[in-house]
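Heads up: numbering here begins at 1 and tracks the sequence.
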Amino acid sequence: LALVLGQLRRLDALSIQKGELVRPDRHVLVRSDGTPVLIDFERCRAAHPRPSNVSQFSQFLGGPKIALALASKGKGLVLEQARLRQRCTAYFANGLQDADFQALLKCVCGDVVSDVTRVASNQDAIPDVIRDVIRDAAEDADANRFET
């Protein structure tokens, strides 16, 4: 979860709105080594004025579906929903500040933040090639929206 949030934080910092995070279980693959990989960027929007990737994913985590799914597999993810909403609101309202992201991350993951801080702040966390592909796809999608 922490690594997914770190990747989404990086997209927020690049002003890229991924979209399709209502059902992130369909848009995040996990490699055999446990590393999460975001997929399906065809609906992403580059230069989005207020990206909300972290907020959308956090709201999903705080929802009842994920809690039930994890509980059925013998795993417990207990999130204090009011606190999570408060952290998401602060993160979004304060302009995606790093301090607000760290507070949200701690709310979701506890003290497992060292690797995520590196991923979220690392310029190479999303390689330039992938970033360019995402932006090109978003620009193509915007251009195609106006064609009839």
Check for a donor-acceptor pair, side chain of [X] on one end and backbone N or O of [Y] on the other, with a separation under 3.5 Å.
X	Y	value
Arg9	Leu96	yes
Lys18	Arg45	no
Gln17	Ser52	yes

Pairwise side-chain contact, [X] with [Y], heavy-atom cut-off 4.5 Å (strictly under):
X	Y	value
Val28	Ile39	no
Cys88	Leu104	yes
Val108	Leu84	yes
Leu11	Pro51	no

Taking only residues two or more places apart in sequence, or in another chain, which ones meet [X] in a side-chain contact (heavy atoms from CB on, under 4.5 Å)?
X	answer
Ala90	Asn94, Asp100
Thr35	Arg31, Asp33
Arg26	Arg23

Smallest separation among heavy atoms of [X] and [Y], with atom names:
X	Y	result
Leu21	Pro24	O-CD, 3.1 Å
Ala103	Arg87	CB-CD, 3.8 Å
Val54	Leu5	CG2-O, 4.0 Å
Arg83	Cys107	CG-SG, 4.0 Å

Report the residues that fulfil side-chain hydrogen bond (donor to acceptor under 3.5 Å, both in side chains) with Asn53, sequence neighbours left out, ordered by chain and then residue number.
Asp12

How long is the gap from [atom1] on [X] to [atom2] on [Y], to the nearest 0.5 Å?
X	Y	atom1	atom2	value
Ser55	Phe60	OG	CZ	15.0 Å
His27	Phe57	NE2	CZ	12.0 Å
Gln97	Phe92	CD	CZ	13.5 Å

